[in-house]
Structures are given as C-alpha cells and as structure tokens.
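I have placed the structure first, in the form of structure tokens, so that the comments after it can refer back to it.
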Number of protein chains: 2
Amino acid sequence: MDKRTKFTLDEEEIPRYWYNIQADLPEPLPAALHPATGKPLKPEDLAPLFPMELIKQEVSTERWIEIPDEVRDIYRLWRPTTLYRAHRLEKALDTPAKIFYKYEGTSPPGSHKPNTAVAQAYYNKQEGVKRMVTETGAGQWGSALSFGGACFNLEIKVYMVKISYNQKPYRRIMMETWGAKCIPSPSSDTKAGRDMLAKDPDCPGSLGLAISEAVEDTVSHDDTHYAIGSVLNHVLLHQTVNGLEAKKLMEKANAYPDIIVGCIGGGSNFAGLYLPFVKDKLDGMKPSLRIINVEPASCPSVTKGPYAYDFGDEAGLAPIIKMFTLGHGFIPPPIHAGGLRYHGMAPIICHLCKLGFVEARAEHQLATFEAGVTFARTQGIISAPEPNHAIKVVIDEALKCKESGESKTILLAHSGHGHVDMAAYDAYLSGKLQDYEYPTEKIEEALAQLPKVG
Amino acid sequence: MDKRTKFTLDEEEIPRYWYNIQADLPEPLPAALHPATGKPLKPEDLAPLFPMELIKQEVSTERWIEIPDEVRDIYRLWRPTTLYRAHRLEKALDTPAKIFYKYEGTSPPGSHKPNTAVAQAYYNKQEGVKRMVTETGAGQWGSALSFGGACFNLEIKVYMVKISYNQKPYRRIMMETWGAKCIPSPSSDTKAGRDMLAKDPDCPGSLGLAISEAVEDTVSHDDTHYAIGSVLNHVLLHQTVNGLEAKKLMEKANAYPDIIVGCIGGGSNFAGLYLPFVKDKLDGMKPSLRIINVEPASCPSVTKGPYAYDFGDEAGLAPIIKMFTLGHGFIPPPIHAGGLRYHGMAPIICHLCKLGFVEARAEHQLATFEAGVTFARTQGIISAPEPNHAIKVVIDEALKCKESGESKTILLAHSGHGHVDMAAYDAYLSGKLQDYEYPTEKIEEALAQLPKVG
C-alpha cells in the first residue's frame, strides 16, 4: 500500500498566475446590473468601492493573471498548502475509494479567506488607499482581511453582525490582535446604523445591514475602499491559487479525481479549488469528472432556487447579478455554518451549473456534524462546520464505492479548522443541535421581491 | 536576499529514532526516589501506572530508541513540521539577526503535546491496556491524549481542574470530539474528589488534586494506565522527534543557531527541540551555542528555586526528583500561560543547567503578550501564551544584535497556536492584563515543605 499521507510543494512552486475561467467559458457570464438603474454595470460604477486593478479583474477575459510578487511573498507564510490522503478515514469506512483532501486550515486566520484578503489589501495599498472597510457575519472574512491589513499596514474596520459579535468574541479578538477595529452592527458610526438603533436599540443586526454600514462608511471617507470576501469574480480568481496547487499535487500523488467535493456559501473556496479542473472538462479532456457543490438543506440556493437576477446583498445596494437565489430578503435559519448562510451564489458557479459542468447537493446540519466527528477521530483535524457539509458527501460517495466495489478517487476541498467553532460541536455532542425544515414560505416571500430586471 | 520563508522535510524523513540524551550525559541524572519511602525508585514501583516499555525508556541509556512504525504513521498526519524564517519580524525589528522558528501548532490539538501522547497511547495499546487516565490544567495535554486515544481506540478519561473546566470549555469540547470523557476535578468519581467536595463543595480544584484523582482512578481500575504530559525522561525523549527534524531543517537552510530560545513549564517542548543540539555541545563541537530556557517571572523555578529533591506533583504521590523547585505546595499566580505554571522542572533540563550547558531567564506576562502581538502582526501566527514568553526573548536578542551589528542566527521553539486562548489577548489588548510580583513569601513557605531526603 502507498503509505504516503501528505503531498507538498516547495514555496517556489506557489503559482505565479491566477487562472481566470472567464477566458474559457463557452458562453460569457450574464452582465451584472446597476442596483439603482438596472442597467449593465460600468467599471466606473464600482470605482468608489474597489481599486481599478480589481475592477479590471472582475471583467477580464485574460486566461492567466499574474500574482504580484508582494502577494506571493505573503502567501509564503502558509502556502502552498498540503494535499492529504485520508488513509485512516478510508480504513474506518472500509471503502476501496481513495480519498484526498486539500487543507486550507493552516493559514493564520485558519481558512482559505486570506488568499483573496491579501491580494485585495495589496491592490488597495498600491493605489494609495489607507483604509479598508468590510462587514463580517461569523467572523472568518473579517479576521482574514484584518490579517491582510496587517501585512500591508492598512487600517481595517470591520462591521460585525451584533449577535455574532456577542456570541463569537474569539473572532473579534483575532481581528484586534492583527490591529483591526471591529465594532458591532448596527453601530452609531453610520446613518444606517443610527437609524436602526433609533428604531430598535436591541436590534441583533444582519449581514445586509452590516453591508450597508460598511458601504456608507466607505463612500463617506477619503482614502477608503470596501472589500468583499466571496461571490464576485475577482474573489474566485484569487482563490484559484489553491486549485492550481491541487492539480500539481494530485499529479505528484499519481492521481486524478473522479469526484471533487466542497461546500459553497458564496462559493469562492470551492470554485477556487475546482475551476482549474473545470478547465479540463471545458477542454473535453475529463468528461466524466463530477464536481459536487454542497450547500445547507436550510439554505439551498442552487438546489432549490430559480436562476434569476437578484441583488447580491440583502439591503439592495450591491450589484444585481444572475444567480441561483432564494431572494435577497431571505434570512436563513441559524445553522452553525455561518459561512454558508447566503441567499445567492457566485455567478460563475451558477453559470457552470446551468451549463451542466458542475452539480449541487444539499445536506442537513446534524448529518454534517456526524461526518465531522468521524473525520476528527480518523484524520485528527477538527473541521469548521462549513467543510463538514462536504465531508458528509465525501463519506456518502465513499460508501457508494464500498457497495459497488469501485475504487474512485475523491478530492475534498477542506476550507478550514473549527477551533473557534467548538460551541457547535458541544451542541452536537450533547444532543442539542437540530435540523431545520426547508423554509418554503419564507423563501416564497423572498422570491416575490426579486428585482424586475434582465 | 534569501527569500525562502519555509523549510520542509518529506514525510519519509520523519526521524526513525528518538534521541536519548541519557546516553551522552557527562554525569548520570540523580536517581528518582519513591514518594513513600524516599528510597531509589525501582522499575516495578512504576508498573501500576505505566507500560513496561515506557518505564524502560525512563531509565534507558541507549542513545537511539526506535520510533515504532505505528507511531510514525500517526506522526505523518502533521509531521515533519515546518521551519520558518521570520523575514517580516526581522524587518520590523530592523535587525541583522536571522530568526528561525520551528512551529508545532499544526498538529491536530495545536501543540507539541501529541508527539508523546501518540507514543504513550501506542505502548499502552501494545501491552493490552484498554483505558488511559490523566489530568489536565488548561487543557492542552488532555486534548492531546484524547487525540492519541482516538488514534488507537483507547478509552480516555481526563480530570480537568474545575476552574479551567468552567473557564475554557473549548478544550473540553475538543477532548469530547475526539471521543474522550472529560470531567471537572474535584469529582465524585474518586475518594480524593469526594473528600474534597465534602469539605468544600465549591472547591475550584488544583492540578495536584487532579493528579491524585487520576492516579486513584488508574490504580482502582483493571486495564487502566496513567499518562503524563511533561517532566519525565520518556516524555522529553518522545519530543526529540521535533529537535531532530529541526537539525535537518537548519542544514537545509544552510544555518546553525547561535542562540536557541524556548519556553519551559515542565520542559518537554523546549528540551525536545534542543537536546539534539545539546549533543553538539557535549561533543565539544559547538561550545558557543547558547540555549535559553524562558520561564514566567511569577513561577521562576530554574532562575530562583534551589536545586533540591522534591515531589513531582503537588499532592506528594509522584516520585521525588532532583530539580530546581519552588516547592511542590507552591500555587503559581493565575497567569494565562497555564502550561508554564509548574513548581518544578524536568530533571534533564535542571541537570544540564547545573552542568552549565543551558541557561534560564524569566519574563513578565505583559511583555510576553506585547511580543506575541508583534509576532502576529508580522508572521501572522497568533501564538499561545506559553511561546509568547520565548518570543519576548527572541525579540530582545534580535534587538541586541541591532545594537552590536552582529548577524546572529536565532532559533525559536514555537510550541503552538493560541486559537483557544483568545480571552488572554482580549485582556491584554483591553489593558486588563496584569503582571504579578515574585511571590517571595509563598515560595519560602513552600520551600520549607521540601521532603527530607537525598
């Protein structure tokens, strides 16, 4: 038996280019629309929020976009990340399947998020920006941008949804340790926040409101830009550094996946891993490769939502994009996988899904934690609630192989550790965790509010 | 400039042997004594607690002890660990010093502890033991043994000091996720615990009492052994896997340290890193190499304690060993570096210190967190409070190089991350953290209680 457990690259092998799938799509992405006018979005519409280099990347059709040396130098702190063979999980499942996982949990903030946070901080620094503002829900993205800001001496301010701010103090303290300012939203720092506090001083906040506060803060300050942690094309682009490494590493392991599995919230983690493999499908080289996007059963945008134009954010300030959506007003049930509680999905993923190159599946929370505990007891890593969704599907596919006797190769995109999510494991282990029904009525209500465009 | 940030080994390069310094000591270690009789300890005295293979290792004078394949196979999950060059810290300090760190934070429990936990679990499994019991303070060791138990299907029970059990639930949940049982001490599961609860139902517990409970539980159950996380020779032996890797990696970096720095509580982490380098000093090859053991100023056993025979545990049940000690009855102030709150020190470290091969220094808590924040903002990693003590000294030595213009090579033993210690950073960043005076009176009292032996 091949005992090798880890496949690694030297830091000189960190990719020099990100891969831009827009160069290879058989049909271009549907245009993004301006949230106020409903007309196709122009680059200058985004200029108050993003540096020009990122706006160019958002619409570029160049296949390879060079990773600046300054960004690669920061990547060296934790990249390339390791590809693992899950021998102990395979043995526990008694499956002939070969299970691999590419693990992003060794980055300083513990997830894939800094792959784009560092790049965004760099381009902003280059264009003379002194300060960046963002919002965060559970805190993964906010802590990644705080780390990115520390790398380039940028002032970072994070509006964190108040209920998470109070429930997850460890994420807030991480941001502060990297020098960022993190405040609960609604706050008195913006008109949007003050208006809400006047209406309801005990408002627990929402991601939509936090976005409104971050955007208002951005446009009302000089030298300030906004940053986004997923969904948009340039974010997925930056995450392809992970997939390009994964391709090289699978070669080192003398393997090519039959199935690739990952979790999707906004979609940047998993798309970052699989887009370089999708290229093989677009080129006709790997027609049988299956790519399974896993989402929560309580927030099933791709598996249950219509493919429609909708606002990217709950507040209706962000561009209108074509995607599988549950409606921008939909508030998902309070599952522990905070990173998967998004009403829509990255346009690139939706487009590939519509064209039939990738598929989607939805899983319930309890089963994902059961899978996560199995993973921890075999492979050691205690995973975040988000990748537990993917682990559930990996185990299902491996058990199918056991039944059929097939020795398929499965590649898991593992987005990060769960060290600051232990309360969720406590709830699971003590029997207090619950599943949520598919919230049919709430989704119907939200879908009735889709913008009338496109 | 050499841009390389990381130096790595292939998993086939995980050492095949642990290095046993007892083969090379110019004078043998002073004998350990029986806690009840004060007579030299015999191997059979330890048989109720440990498997014979570990008892043999405790007193062995063989230079190289083979690492079993089954243990190396588990090590593959995260070993070999990476050696980093701290370019960004060097630049921030504007120092000509070259700073390297060997980082143990990527193990599943997040520290060096599983290096021995996995080995101890393996030898117990080999000898037919079904169940292992231990105590834990802040929870690092308890979670490492829980992971070790999961690797070899052993039942694990951890008595966790009640005040930590209540204050640090994340560590307890980690243990449960790996399948262990963790209960607060004092507990009603042992006579020692019940006696204490009868006296004081609100007793916050202590490490001494937790040891008493773990030992009582061990000797009153069949198929059960005890496990210890530091101090003893076999624990330091297992940790040399890290130092042997570090030596190979420094060669890859074309460097040899002038100064090695690490933190010491029981001493196993740092000794594990430096013992293979001490061999070079014993061989006369590197007389100028300095090895600096860093301890807390509020628990300064090596820098302020006498070299005397004392009980290894607060309760007086563990063997009597010769070490620098503050007295087994000394309760250190409640600093956040829980892993450094031990009254004594590993006999091997004390012996090497007495013989002049290594030195010690004590640091105050506030300064160590200041150093930890500098490290986080340059190198990304948020460190546990324990290694922050070592980082403080590394920064001091690097700044001395800046003054003198010397380009010394400094190697830091970085024992792990601080993801579950964020409350300590919060206290520091919000100005609520305090230093503690050297507790002269309490130490004098404790030293008056040293056993009359030796």
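For chain B, the nearby parts of A/Leu77 are the backbone and the side chain; heavy atoms of each come within less than 4.5 Å. Proximity to chain B (any heavy atom under 4.5 Å) is restricted, for A/Thr378, to the backbone atoms N, CA, C and O. For a residue to count as touching a neighbouring chain, one of its non-hydrogen atoms must lie under 4.5 Å from one of that chain's; by this rule B/Arg79 touches chain A with the backbone only. B/Tyr84 touches chain A through its side chain: at least one heavy atom from C-beta onward sits under 4.5 Å away, while N, CA, C and O do not. Interface remark: B/Phe147 contributes side-chain atoms only to the contact with chain A (heavy atom separation under 4.5 Å). Contact annotation for A/Thr8: neither backbone nor side-chain heavy atoms come within less than 4.5 Å of a heavy atom of chain B. Neither the backbone nor the side chain of A/Arg171 comes within contact range of chain B, judged by heavy atoms closer than 4.5 Å.
Ion pairing between A/Glu12 and A/Arg76 holds under the 4.0 Å rule for side-chain N and carboxylate O. Note on B/Lys6 versus A/Asp10: no salt bridge recorded, every NZ/NE/NH1/NH2 to OD/OE distance being 4.0 Å or above. Under a 4.0 Å N-O distance rule, the pair A/Arg172/B/Asp426 qualifies as a salt bridge. Checked for salt-bridge contact, B/Arg16 and B/Glu66 miss the test: no charged N lies under 4.0 Å from a carboxylate O.
Under the 3.5 Å distance criterion, the side-chain polar atoms of A/Glu155 are left unmatched by any main-chain donor or acceptor of A/Lys130.
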Evaluation steps, side-chain contact (heavy atoms from CB on, under 4.5 Å), between A/Val241 and A/Tyr75: CA-CA 10 Å; A/Val241 66; A/Tyr75 282 171; 4.0 Å; yes
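Highest contact tally toward chain B, considering only A/His417, A/Gln379, A/Arg88, A/Glu176, is held by A/Arg88 [criterion: heavy-atom pairs under 4.5 Å]. For the set A/Ser430, A/Pro114, A/Gly105, A/Cys151, the entry with the most heavy-atom pairs within less than 4.5 Å of chain B is A/Cys151.
If you look at A/Tyr428 and A/His336, their ring centroids are not closer than 6.0 Å.
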